[in-house]
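Below: one structure, written as structure tokens.
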Amino acid sequence: YRSYQGEKRDLMGKIALTPRFKWFGRFSRPTAGSIRSFISRAKADGAVPLVATLRHQGKQCNPRYRAGGRAEDRRTKRWFKDFARGIGSSRVIIAFEPDSVGTIECLAKSRRKARVAVLRYGIDQLAKLPNATVYIEATAAD
């Protein structure tokens with residue numbers, strides 16, 4: 001934005017200086033290549049890459065909702081491991097699972113401990129990354 005002048009520069013500066021997170025989640029398959037590609041583009045612009053994960057299944061909120069059960073838990077753990085592998089030693093800031101902690105009560109009581117265990121697994125995977133800062137959202141947007 002530095003090449004612009006006057007009002008155009010001010011507008012471009014607002015856009016350039018507003019942090020934006022790239023979201024990865026159940027809607028994306030985090031291959032090492034796709035994550036590294038995003039990180040490389042962000043670094044080329046002189047920024048610390050901002051990424052957010054949203055892997056949890058939060059499609060319903062009722063006493064019978066199982067969020068995919070144990071099979072989904074296994075897929076989510078594998079997803080977290082692949083995601084961490086893609087980041088590797090890159091410097092990133094990660095917003096971890098916004099709304100996930102705050103929506104645990106939306107699950108059937110029999111699934112709540114499993115959700116906490118899966119979230120803990122994800123945090124453990126990301127905490128091993130040497131240059132990552134992990135922000136854990138502890139509520140829900142609603």
Side-chain angles (χ1 to χ4, degrees), residues 1-62 64-108 110-142:
Y1 80 94
R2 291 183 179 111
S3 63
Y4 293 100
Q5 300 296 319
E7 184 180 340
K8 198 172 208 178
R9 180 184 171 126
D10 292 342
L11 291 173
M12 292 303 291
K14 286 181 182 178
I15 293 169
L17 298 173
T18 302
R20 295 214 130 176
F21 282 78
K22 169 77 172 160
W23 288 78
F24 292 90
R26 64 182 174 274
F27 45 84
S28 65
R29 172 173 259 158
T31 64
S34 67
I35 294 167
R36 287 185 185 133
S37 175
F38 168 74
I39 290 170
S40 292
R41 287 191 313 273
K43 284 182 176 181
D45 292 335
V48 174
L50 307 173
V51 296
T53 65
L54 185 61
R55 179 63 192 158
H56 86 280
Q57 296 289 316
K59 297 177 182 177
Q60 298 177 28
C61 187
N62 65 63
R64 295 172 307 286
Y65 183 52
R66 299 186 46 76
R70 284 187 229 153
E72 182 61 24
D73 293 349
R74 286 189 298 276
R75 285 188 291 272
T76 299
K77 286 179 177 180
R78 191 168 43 252
W79 189 94
F80 283 134
K81 194 170 189 171
D82 291 344
F83 184 74
R85 188 178 304 120
I87 291 172
S89 63
S90 296
R91 172 73 181 115
V92 297
I93 296 173
I94 303 166
F96 181 77
E97 295 294 302
D99 291 351
S100 292
V101 173
T103 59
I104 288 173
E105 291 183 4
C106 284
L107 294 170
S110 63
R111 293 289 302 141
R112 293 176 186 177
K113 284 184 182 178
R115 166 69 63 80
V116 171
V118 168
L119 294 174
R120 182 176 290 126
Y121 178 87
I123 292 166
D124 288 346
Q125 291 299 306
L126 299 177
K128 293 175 188 176
L129 300 174
N131 296 307
T133 299
V134 182
Y135 168 75
I136 302 169
E137 175 64 45
T139 63
D142 56 353

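Taking a cutoff of 4.0 Å between a charged side-chain nitrogen and a carboxylate oxygen, Arg55 and Glu72 qualify as a salt bridge. In summary, Asp82 and Arg85 engage in a salt bridge, as defined by a charged side-chain N under 4.0 Å from a carboxylate O.
At a threshold of 4.5 Å between non-hydrogen side-chain atoms, the residues Ile93 and Tyr135 do not count as touching. Counting heavy atoms from C-beta on, the side chains of Arg20 and Leu50 never come closer than 4.5 Å. Residues Tyr65 and Arg111 form no side-chain contact, since every pair of their non-hydrogen atoms from C-beta on lies 4.5 Å or further apart. At a threshold of 4.5 Å between non-hydrogen side-chain atoms, the residues His56 and Val118 do not count as touching. Side-chain contact between Trp23 and Pro98: present, with at least one pair of heavy atoms (C-beta onward) separated by less than 4.5 Å. For the pair Ile35 and Val51, the minimum side-chain heavy-atom distance is 4.5 Å or more. Contact annotation: the side chain of Thr133 approaches that of Arg91 to within less than 4.5 Å [non-hydrogen atoms, C-beta and beyond]. Looking only at side-chain heavy atoms (C-beta outward), Ser110 and Arg66 come within less than 4.5 Å of each other.
Donor-acceptor pairing under 3.5 Å is lacking for the side chains of Ser40 and Arg36.
Interatomic distance, Lys22 NZ to Ser34 OG, rounded to the nearest 0.5 Å: 8.0 Å. With rounding to the nearest 0.5 angstrom, the CD1 atom of Ile87 is 6.0 Å from the CG atom of Leu126. Taking CZ from Arg115 and CZ from Arg112, the interatomic distance works out to 10.5 Å, rounded to the nearest 0.5 Å. Thr76 OG1 to Glu97 CD: the interatomic distance, rounded to the nearest 0.5 Å, is 8.0 Å. Interatomic distance, CG of Asp99 versus CD1 of Ile104, reported as 11.5 Å (0.5 Å rounding).
Minimum heavy-atom separation, Ala67 to Leu107: CB-CD2, 3.5 Å. Across Ala42 and Pro49, no two heavy atoms sit closer than the pair CB-CG, 3.7 Å. Taking all atoms of both residues into account, the shortest heavy-atom contact from Gln60 to Asn62 is OE1-ND2, 2.9 Å.
Partner of Phe83 under the ring-ring contact (aromatic ring centres under 6.0 Å, His included) criterion, chosen from Tyr121, Phe38, Phe24: Phe24.
By the ring-ring contact (aromatic ring centres under 6.0 Å, His included) test, Phe96 pairs with Phe80, sequence neighbours left out.
The environment of Lys113 atom NZ is sparse: at most 12 non-hydrogen atoms of other residues, nucleotides or ligands sit within 6.0 angstrom.
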